[in-house]
Amino acid sequence: MSTIVIDRNLVYRLLKQVPKGKVTSYKALAEAAGNPKASRAVGAFMRTNPYAPIVPCHRVVYSDGRLGGFSGKIRIKEKIKMLEEEGVIVRNDRVERFKEHYFDRFSIERAKKEALP
DNA sequence: AATATGGCACAAA
DNA sequence: CTTTGTGCCATAT
């Protein structure tokens with residue numbers, strides 16, 4: 001019996017809580033949304049994100065600080081550029097001082113009240 | 001409807 | 001540190 005395993009809209013709303021200059025991970029979002037195992041699905045949500053760039057999908061990276069994808073290989077440069085404009089230094093596909101920039105203090109309560117475009 | 005492919009994570013080697 | 005294999009869930013074909 002199956003139920004919803006991870007709520008796509010909830011993930012988008014949670015992601016909106018990540019402030020400029022910070023990053024989060026696919027895993028953190030999956031956890032916050034209630035399914036720690038669904039990190040890969042979160043990636044799929046980002047890939048088909050209808051609310052970009054209102055929903056800051058460029059602020060989502062691997063849980064170890066590496067960048068991961070962004071629509072293939074070429075446009076990864078743009079992700080880096082956006083992040084650096086927000087104050088996040090990226091070197092060798094890795095976020096510098098990852099821990100300091102890492103955000104995972106999501107509020108599920110606030111997210112549920114958030115509206116989506 | 002069935003299989004393949006991903007903007008992932010984690011453990012083992 | 002790297003590579004390889006496995007689990008997971010949503011999308012693309």
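Note that the structure is a prediction, hence the values are computed from the model and not measured. Throughout, a chain's letter reflects where its sequence line sits, starting with A, and its residues are numbered from 1.
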Which donor-acceptor pairs under 3.5 Å do the side chains of residues 32-41 of chain A make with protein atoms, sequence neighbours left out?
| unit_1 | atom_1 | unit_2 | atom_2 | d |
| --- | --- | --- | --- | --- |
| A/N35 | OD1 | A/K37 | N | 3.0 |
| A/N35 | ND2 | A/V5 | O | 3.3 |

TODO: Please work out which residues in residues 19-30 of chain A have a non-hydrogen atom less than 4.0 Å from an atom of DNA chain B and list them by number.
DONE: A/Y26, A/K27
TODO: Do nucleotides 5-11 of chain C as a string where each nucleotide becomes B, S or -: B if the base has a protein heavy atom under 4.0 Å, S if just the sugar-phosphate does, - if no protein is that close.
DONE: --BBBSS
TODO: Apply side chain to side chain donor-acceptor pair (under 3.5 Å) to A/H101 and list each qualifying residue two or more places apart in sequence or on a separate chain.
DONE: none
Task: Set of ring pair (Phe, Tyr, Trp, His ring centres under 6.0 Å) partners for A/Y62, sequence neighbours left out - done: none
Task: Residues that A/R94 engages under side chain to side chain donor-acceptor pair (under 3.5 Å), provided they are two or more places apart - done: none
TODO: Name all residues meeting the side chain to side chain donor-acceptor pair (under 3.5 Å) criterion together with A/S107; count only those two or more places apart in sequence or in a different chain, and write none if there are none.
DONE: none
TODO: Would you please name every residue forming a side chain to side chain donor-acceptor pair (under 3.5 Å) with A/K16, sequence neighbours left out?
DONE: A/E114
Could you list, one pair per line, each protein nitrogen or oxygen that sits under 3.5 Å from a nitrogen or oxygen of nucleotides 11-13 of chain B, together with the distance?
none

Task: Any pair counted as ring pair (Phe, Tyr, Trp, His ring centres under 6.0 Å), so long as it reaches residues 8-39 of chain A, sequence neighbours left out - done: A/Y12-A/Y51
Task: Test side-chain contact (heavy atoms from CB on, under 4.5 Å) applied to A/P53 - qualifying residues, sequence neighbours left out - done: none
Task: Per-nucleotide pairing state of DNA chain C [Watson-Crick or G-U, under 3.5 Å; [ ] pseudoknot-crossing; | other strand] - done: .||||||.|||||
